[in-house]
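Below is one structure, written out as structure tokens; the observations come after it.
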Amino acid sequence: MIPILRGDGDLSRVFGRSQLDMESARETVKAILQDVRQNGDKALFAYTKKFDKLHVDEDSVAVTEREIENAYAAVDSATLAALRRAKDNIEAFHKRQKRQDSIVTENGKTTGILYRPVERAGLYVPGGKASYPSSVLMCALPAAVAGVPEIVMTTPAGNGLNPLTLVAAAECGVRKIFKIGGAQAIAAMAYGTQSVPKVSVISGPGNIYVALAKREIFGAAGIDMIAGPSEIAVIADDSADPVFVAADMLSQAEHDELAMSLLITDSKTLAEKVQAELARQLQALPKADIATRSLQNYGAVVLVKNAAQAASIANKVAPEHLELCVKDPAAYLPLIVNAGAVFLGHWSPEPLGDYYAGTNHVLPTSGTARFCSALGVDNYVKKISLIQYGEQALMAAADDIIALAEAEGLHGHANSVRVRKGGAQ
């Protein structure tokens with residue numbers, strides 16, 4: 001089903017994976033953004049009717065308290081309890097990311113950093129082909145931990161609102177929820193409309209139109225990242241269970257026909273067994289058609305000679321998810337420099353991070369883990385520099401500042417310091 005490649009051979013299939021072709025949809029998205037920016041609710045409601053087949057107006061676009069109450073009634077107690085346990089784990093993990101102001105004073109000089117949350121955060125939660133209540137937790141809880149005073153959420157409602165999505169939002173304290181999706185929802189949050197308030201930062205995954213809209217509005221609002229199709233790379237040795245490895249690869253292949261599932265191993269026996277397991281498990285997978293196309297397009301097994309070669313290939317791929325299904329995963333960890341999230345050992349499957357462990361599942365894709373990180377508290381925080389010098393401290397530095405400013409031809413800068421020395425203006 002998927003090819004077995006040599007680690008020192010042609011790996012263009014692995015490194016040439018989808019990079020999220022956004023240009024083909026760019027003009028459509030730009031037109032939507034401009035329309036919503038200029039015409040506000042009128043354009044927003046028209047696009048919601050056109051794309052989601054849902055009529056909304058200023059009286060019905062926002063989710064009501066009654067709808068939230070009905071959502072709670074529709075969620076069974078066991079699922080609600082599981083959601084709350086996941087929330088506790090995610091909240092606890094992100095509380096460890098929160099920073100305190102750092103101010104240092106010495107010799108009449110004070111410098112520091114002030115951490116301040118943004119005033120309003122916007123969350124985009126998919127709701128078209130599938131619903132992801134877990135994404136509500138992953139986007140809302142870091143914002144809440146950061147201290148963001150108001151959180152706004154948008155989610156498509158053309159197929160109805162997922163009750164667990166609404167419950168997850170309510171559990172995180174999100175009460176401003178709007179029944180809008182697509183590029184038009186990103187525009188509404190970035191620019192503001194009569195019904196939807198303008199936000200400072202937008203986070204959350206979405207389809208190609210959402211991803212492109214986020215890129216286009218950057219500057220009007222901040223964004224978390226531009227997310228592409230899901231990815232998993234598994235480094236495994238002969239201690240790995242082929243049933244486990246195949247199941248983990250399919251956990252990402254079922255997301256999207258553009259998703260990437262990669263096995264890197266030094267065991268040809270394991271590689272062949274995983275191939276057989278993929279074929280067997282696909283037969284029982286509800287989304288077998290999607291997963292099959294994903295494996296055919298972007299699935300691969302790479303045979304390597306040793307741990308160093310395995311890590312080298314993984315680092316070049318820079319996968320969203322990297323599993324170390326090996327005897328001693330801790331020994332591999334120092335070799336890994338590019339990955340969105342790393343899962344150590346045979347009992348840490350990727351869905352553990354998606355739902356429950358507490359780490360964020362909004363992760364860099366398409367190789368952007370080379371320079372981008374998981375969504376976290378810092379995405380909702382501004383860092384403000386603080387400077388205070390006393391007179392003696394400034395006088396001690398004055399000549400240096402004047403020299404550097406004049407070297408750059410910025411004589412006004414130099415004069416700002418010189419006048420404090422009593423020099424000519």
### Query
For Leu295 and Leu282, what are the C-alpha separation, side-chain angles and deciding distance, and is it a side-chain contact (heavy atoms from CB on, under 4.5 Å)?
CA-CA 11 Å; Leu295 293 175; Leu282 271 170; 4.0 Å; yes

Expected list for residues 134-147: side-chain donor-acceptor pairs under 3.5 angstrom, two or more places apart:
unit_1: Ser135; atom_1: OG; unit_2: His361; atom_2: NE2; d: 3.1

### Message
Applying side chain to side chain contact (heavy atoms under 4.5 Å, CB included), can you list everything that pairs with Pro117, at least two apart in sequence or on another chain?
### Response
Val148

### Query
Which is it for Met153 and Thr165 under the side-chain contact (heavy atoms from CB on, under 4.5 Å) test, yes or no, and what are the steps along the way?
CA-CA 11 Å; Met153 186 177 109; Thr165 295; 3.8 Å; yes

#### Entry: Exceeds 12 heavy-atom contacts within 6.0 angstrom, atom NZ of Lys49
no

### Task
Mark yes when over 12 heavy atoms from residues, nucleotides or ligands other than Gln38 sit less than 6.0 Å from its CD; otherwise mark no.
yes

### Task
Would you please say whether a donor-acceptor pair under 3.5 Å links the side chains of Tyr380 and Ser203?
yes

### Task
Mind checking side chain to side chain contact (heavy atoms under 4.5 Å, CB included) for Ala31 and listing every partner two or more places apart, or none if nothing turns up?
none

### Message
For Arg370, give me all partners under salt bridge (Lys or Arg N to Asp or Glu O under 4.0 Å), at least two apart in sequence or on another chain.
### Response
none

### Query
What pairs of residues pass the side-chain hydrogen bond (donor to acceptor under 3.5 Å, both in side chains) test when at least one of them lies in residues 326-344, not counting sequence neighbours?
Asp238-Lys327

### Message
Does Lys87, at its NZ atom, have more than 12 non-hydrogen atoms belonging to other residues, nucleotides or ligands within less than 6.0 Å?
### Response
yes

### For Phe244, ring pair (Phe, Tyr, Trp, His ring centres under 6.0 Å) partners two or more places apart
Trp347

### Query
Does the side chain of Tyr47 pick up a donor-acceptor pair with the side chain of Asp35 at under 3.5 Å?
yes

### Task
Would you give the length of the straight line joining atom CD1 of Ile177 to atom CG of Leu166, rounded to the nearest 0.5 angstrom?
5.5 Å

### Query
Is Gln194 atom CD crowded by more than 12 heavy atoms from other residues, nucleotides or ligands, each under 6.0 Å away?
yes

### From CA spacing to verdict: side-chain contact (heavy atoms from CB on, under 4.5 Å), Ser200, Lys382
CA-CA 11 Å; Ser200 301; Lys382 299 166 296 170; over 6 Å; no

### Query
What ring pair (Phe, Tyr, Trp, His ring centres under 6.0 Å) pairs are there with at least one residue in residues 190-242, not counting sequence neighbours?
none

## Note on the structure
Tightest non-hydrogen contact, residues Gln252 and Ser261, listed as CB-OG, 4.2 Å

### Neighbour count >12 (heavy atoms, 6.0 Å) for atom NE2, His413
no

### Closest heavy-atom pair and its distance - Gln281, Ala246
NE2-CB, 3.8 Å

### Task
Run the numbers on Ile68 and Arg175 for side-chain contact (heavy atoms from CB on, under 4.5 Å), then give the verdict.
CA-CA 9 Å; Ile68 292 175; Arg175 291 289 172 170; 3.6 Å; yes

### Task
Could you grab the distance from atom CD1 of Ile264 to atom CD1 of Ile235, nearest 0.5 Å is fine?
5.0 Å

## Note on the structure
Tightest non-hydrogen contact, residues Met249 and Ile232, listed as CA-CG2, 4.1 Å

### Task
Determine whether more than 12 heavy atoms belonging to other residues, nucleotides or ligands lie under 6.0 Å from atom OH of Tyr355.
no

### Query
In terms of side-chain heavy atoms, does His346 have a donor or acceptor partner in Asp241 at a distance below 3.5 Å?
no

### Message
Would you compute the distance between atom CD1 of Ile226 and atom CG of Asp224 and round it to the nearest 0.5 angstrom?
### Response
8.0 Å

### Query
Between Arg116 and Asp101, does at least one N-O distance fall below 4.0 Å, as a salt bridge requires?
yes

#### Entry: Asn315 side chain to Ser312 side chain, donor-acceptor N/O pair below 3.5 angstrom
no

### Task
Say whether Asp248 and Ser251, considering side chains only, have a donor N or O and an acceptor N or O under 3.5 Å apart.
no

### Summary
Applying salt bridge (Lys or Arg N to Asp or Glu O under 4.0 Å) to Lys179 and not counting sequence neighbours gives Glu67

### Query
Which distance, rounded to the nearest 0.5 Å, do you find between the CG of Leu344 and the CG of Leu324?
5.0 Å

### Message
Both conditions, 6.0 Å and 45 degrees, for the charged tip of Lys316 above the ring of Phe15: are they met here?
### Response
yes

### Message
Counting C-beta onward and ignoring hydrogens, is there a side-chain heavy-atom pair between Val245 and Glu277 closer than 4.5 Å?
### Response
no

### Where Ala339 and Ala369 come nearest, the two heavy atoms and their spacing
C-CB, 3.7 Å

### Task
With sequence neighbours left out, write down each residue that passes salt bridge (Lys or Arg N to Asp or Glu O under 4.0 Å) with Arg120, or none if nothing qualifies.
Glu150

### Message
Please enumerate all residues that pass side chain to side chain contact (heavy atoms under 4.5 Å, CB included) together with Arg66, with sequence neighbours excluded.
### Response
Thr64, Glu69, Asn70

### Minimum heavy-atom distance Gln97-Val377, with the two atoms named
OE1-N, 2.9 Å

### Minimum heavy-atom distance Val317-Met260, with the two atoms named
CG1-CE, 3.9 Å

### Query
Nearest 0.5 Å, what's the CD1-CG distance between Ile290 and Leu250?
12.5 Å

### With Glu216 via salt bridge (Lys or Arg N to Asp or Glu O under 4.0 Å) - residues at least two apart
Arg26

### Message
Please determine whether the number of non-hydrogen atoms from other residues, nucleotides or ligands lying under 6.0 Å from atom OH of Tyr389 exceeds 12.
### Response
no

### Message
Going by ring pair (Phe, Tyr, Trp, His ring centres under 6.0 Å), name the pairs with one or both residues in residues 144-167, residues two or more places apart or in two chains.
### Response
none

### Message
Rounded at 0.5 Å granularity, tell me how far OG1 in Thr365 sits from CG in Leu258.
### Response
11.0 Å

